[in-house]
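Remember, predicted model here, so these are calculated numbers, not experimental data.
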Amino acid sequence: MTTKAMAAAFAGMMLAAPAAAQTALSAYADEKGYIDVQKLTCAQLAGTFQEDADMLTTWYSGWYNGLARKHMLNVKRGKEAEHEIIQYCKANQNKRVIEAIAVVFKDMRAERGIKMKP
């Protein structure tokens, strides 16, 4: 099969594949409108709309920085972390988002040689 034919066959398969429905983040809220962010799963994050995933990962970043009493934002690093968390969640949908964040942050610190205080 030629390269063009293989590319055309692949494109045809992709068009024929059923698209996964995305779920609005608000679907995971309780009757008062709150989402328990400690229970939210990677499958839920990976299955929501991109703008909802962006908003949620930004919220998590603020939450973690607040716990650490940090008040600075590195936009480039934040976007990198967001991308890595979403990618991790797509590959590990049985995990909770907070577990994904811990893994991604640990890996990012290790890559940069950042040591945490005991």
- Is a side-chain donor or acceptor of Asn92 paired with a backbone partner of Lys95 at a separation under 3.5 angstrom? no

- Query: Quick one: does Thr58's side chain have a donor or acceptor within less than 3.5 Å of a partner on Asp54's backbone?
  - Reply: yes

- Message: Side-chain heavy atoms under 4.5 Å apart, restricted to Ile/Leu/Val/Met/Phe/Trp/Tyr: what other residues fall into the cluster of Val75, or is it alone?
- Response: Leu73

- Query: Looking only at heavy atoms, what is the nearest atom pair of Cys42 and Gln93, with distance?
  - Reply: CB-CA, 3.8 Å

- So the side-chain hydrogen bond (donor to acceptor under 3.5 Å, both in side chains) pairs with at least one residue in residues 33-43 (sequence neighbours excluded) are Thr41-Gln44

- Task: For the pair Arg112 and Glu80, find out whether any cationic side-chain nitrogen is under 4.0 Å from an anionic carboxylate oxygen.
- Result: yes

- Between CZ on residue Arg77 and OG on residue Ser61, distance to nearest 0.5 Å: 11.0 Å

- Separation between CG (Asn65) and CE (Met72), nearest 0.5 Å, reads 10.5 Å

- Share the residues that join Phe105 in a hydrophobic cluster, the rule being Ile, Leu, Val, Met, Phe, Trp or Tyr side chains under 4.5 Å apart at the heavy-atom level. Leu25, Tyr28, Ile35, Val37, Leu40, Leu45, Met55, Leu56, Trp59, Tyr60, Trp63, Tyr64, Leu67, Ile85, Ile86, Tyr88, Val97, Ile98, Ile101, Val103, Val104, Met108

